[in-house]
Structure formats: C-alpha cells, structure tokens
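Here the structure comes first, spelled out in structure tokens, and everything after it is commentary.
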Amino acid sequence: HWDVKMNVLAAKILPGECYVSNQGEMISTVLGSCIAVCARDRKLGIGGMNHFMLPIQAGDKGITRMNSVNPALCYGNWAMEFLLNAIFRLGGRRENLEIKVFGGGRVLAGMTNIDVGKRNIEFILEYLAREGLAITAKDVGDICPRRVLYFSDTGAVKMRRLTSGSDESIRQREKEYLESMNKKPAVSDVELF
C-alpha cells in the first residue's frame with residue numbers, strides 16, 4: 001500500500017511473514033514478544049524483514065496459520081534462512097550484510113510462565129553469532145511492544161516503543177498464535193544453507 005505519512009510504498013508483515021525488496025520500499029510490523037530481523041546488502045540496497053513468533057521448530061509441532069505465506073516462518077530458524085536466502089537470490093552477498101534486530105518484549109507476563117521474548121532474543125543472538133553476522137543495531141527485551149518501520153534500500157529504521165495501553169491487542173494476538181500450536185508438521189519449501 002502507499003503510506004501517505006511516509007510518502008513511500010509500504011508492505012506490512014505479520015508473524016510468520018517475510019518481505020524482501022530491491023526497490024525503495026518501507027516494511028512495517030508491530031512486535032510484542034516476537035522478533036523482527038532486518039537484513040540488507042549495504043552495497044546493493046537489497047533488504048528485507050522477517051517476523052517470527054518462536055525460536056525454533058522442534059519435532060513435529062507446527063503452526064496452522066493458513067493465511068501465512070509459509071507457516072514455518074513463525075519459527076526463527078526457518079524465518080532466518082528464508083530471509084537470507086531471499087536476499088541472496090536477488091544478488092545480495094553475505095559479506096555485505098547489515099543486520100538489525102528488534103522485539104522480544106515480555107508482553108505475555110502473567111499469561112504464561114514461559115518468557116517467549118527472552119527465548120527469542122537468546123535464539124537470535126546465538127544464531128547470528130554462529131553464522132558470523134554482526135548486529136549493527138538492536139532494541140530488544142523490556143516489557144513493551146514496538147512498531148518498526150524499515151527502509152530496505154537505505155537500511156534506515158524508525159522504531160517506537162508503544163505505550164502499555166496499546167499492547168492489549170498485541171497480547172491477544174500473541175496468545176492466539178501460541179494457542180494455535182498443534183502436532184501437525186509444518187510444510188515448508190525453505191532450504192537450509
């Protein structure tokens with residue numbers, strides 16, 4: 001859609017989605033305990049963002065979100081591979097990558113005894129270290145949700161921590177995603193590299 005306020009073509013992504021562009025577009029999302037990783041080839045201006053809900057897909061558990069481009073992308077391990085491979089397919093190179101990480105807030109406190117945000121943060125920091133990818137900017141943790149606007153060609157980010165009054169819908173959405181877990185395997189065409 002056209003974002004009138006920012007005067008730019010924009011794509012909004014939800015949990016389990018990823019968007020990569022080689023055009024001058026803005027990618028936006030709202031995060032609670034989820035993580036969004038923004039990655040870009042600094043030289044070519046090819047960049048994108050993913051939005052994942054849980055760190056890893058383990059065993060045969062999957063999320064059945066039928067309107068997702070790929071339900072497996074709700075998991076960090078799949079979402080990261082998909083994001084990086086999409087950038088590489090458009091000509092991006094690993095040595096030129098710039099990585100920015102956002103989210104992992106503890107917005108489900110009191111609803112679950114598992115700190116999903118903390119687990120997501122631990123996963124992404126370990127993943128990026130293992131892959132040798134340095135983080136150039138991050139805003140993670142705390143108890144607040146965040147709105148992130150990412151400009152894929154320049155790498156610019158506008159991030160706002162949202163007030164506690166605006167996080168009820170985020171909490172509800174995340175609770176519904178967690179409850180949608182079942183034992184069906186997620187079908188995926190994501191290739192690990």
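In this text, all values refer to a predicted model and were calculated from it rather than measured experimentally. As a basis for the values below, the full set of heavy atoms in this structure was taken, side chains included, without hydrogen atoms, waters or symmetry mates.
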Answer whether the closest heavy-atom distance between the side chains of [X] and [Y] falls below 4.5 Å.
X      : Y      : result
Val140 : Phe102 : no
Met49  : Ile13  : yes
Leu44  : Asn22  : no
Asn50  : Met80  : yes
Trp78  : Ile56  : no
Tyr75  : Met53  : no
Leu125 : Ile121 : yes
Leu149 : Met159 : no

Query raised in the report: Counting heavy atoms not belonging to Arg160, are there more than 12 under 6.0 Å from its CZ?
Result: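 Atom CZ in Arg160 is not packed in, count stays at 12 or less.
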
Practice item. Check whether more than 12 heavy atoms from other residues, nucleotides or ligands sit under 6.0 Å from atom NZ of Lys100, and answer yes or no. Key: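 Correct, the count exceeds 12.
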
Aromatic ring centroids of Phe52 and Phe123 under 6.0 Å?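 Ring centroids of Phe52 and Phe123 are less than 6.0 Å from each other.
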
Taking every non-hydrogen atom, the tightest pair across [X] and [Y]:
X      : Y     : result
Ala39  : Leu84 : CB-CD2, 4.4 Å
Phe151 : Met26 : CZ-SD, 3.6 Å
Ser152 : Arg40 : O-CD, 3.1 Å
Val116 : Ser33 : CG1-OG, 3.9 Å
Cys18  : Leu73 : CB-CD1, 4.2 Å
Asp3   : Met6  : OD1-N, 2.7 Å

Are the side chain of Thr136 and the backbone N or O of Ile99 linked by a donor-acceptor pair below 3.5 Å?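 Yes; judged by distance alone, with no hydrogens or angles, the pair exists.
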
Under 3.5 Å: donor-acceptor pair, side chain of Asn120, backbone of Gly104: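 A pair under 3.5 Å: no.
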
| Below 4.0 angstrom, N of the basic side chain to O of the carboxylate: do Arg146 and Asp139 qualify? |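 A salt bridge links Arg146 with Asp139.
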
Next item on the list: State whether Arg94 and Glu131 are salt-bridged, where the test is any N-O pair (Lys NZ or Arg NE/NH1/NH2 against Asp/Glu carboxylate O) under 4.0 Å.
Entry: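 The answer is yes: the pair qualifies as a salt bridge.
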
How long is the span from the [atom1] atom in [X] to the [atom2] atom in [Y], to the nearest 0.5 Å?
X      : Y      : atom1 : atom2 : value
Ile87  : Asp41  : CD1   : CG    : 8.0 Å
Thr29  : Glu17  : OG1   : CD    : 8.0 Å
Leu90  : Asn85  : CG    : CG    : 11.0 Å
Leu128 : Ile135 : CG    : CD1   : 5.0 Å
Lys158 : Arg147 : NZ    : CZ    : 14.0 Å
Tyr150 : Ile27  : OH    : CD1   : 7.0 Å

Exercise for the section: Just do the side chain to side chain donor-acceptor pair (under 3.5 Å) check on Glu122 and Tyr127 with the steps written out, would you? Expected result: CA-CA 8 Å; Glu122 290 169 352; Tyr127 176 94; over 6 Å; no

| said: Are Val4 and Leu9 linked, directly or through intermediate hydrophobic residues, by side-chain heavy-atom contacts shorter than 4.5 Å (ILVMFWY only)? | reply: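 Yes, because Leu9 and Val4 connect within a single hydrophobic cluster, where side-chain heavy atoms sit under 4.5 Å apart.
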
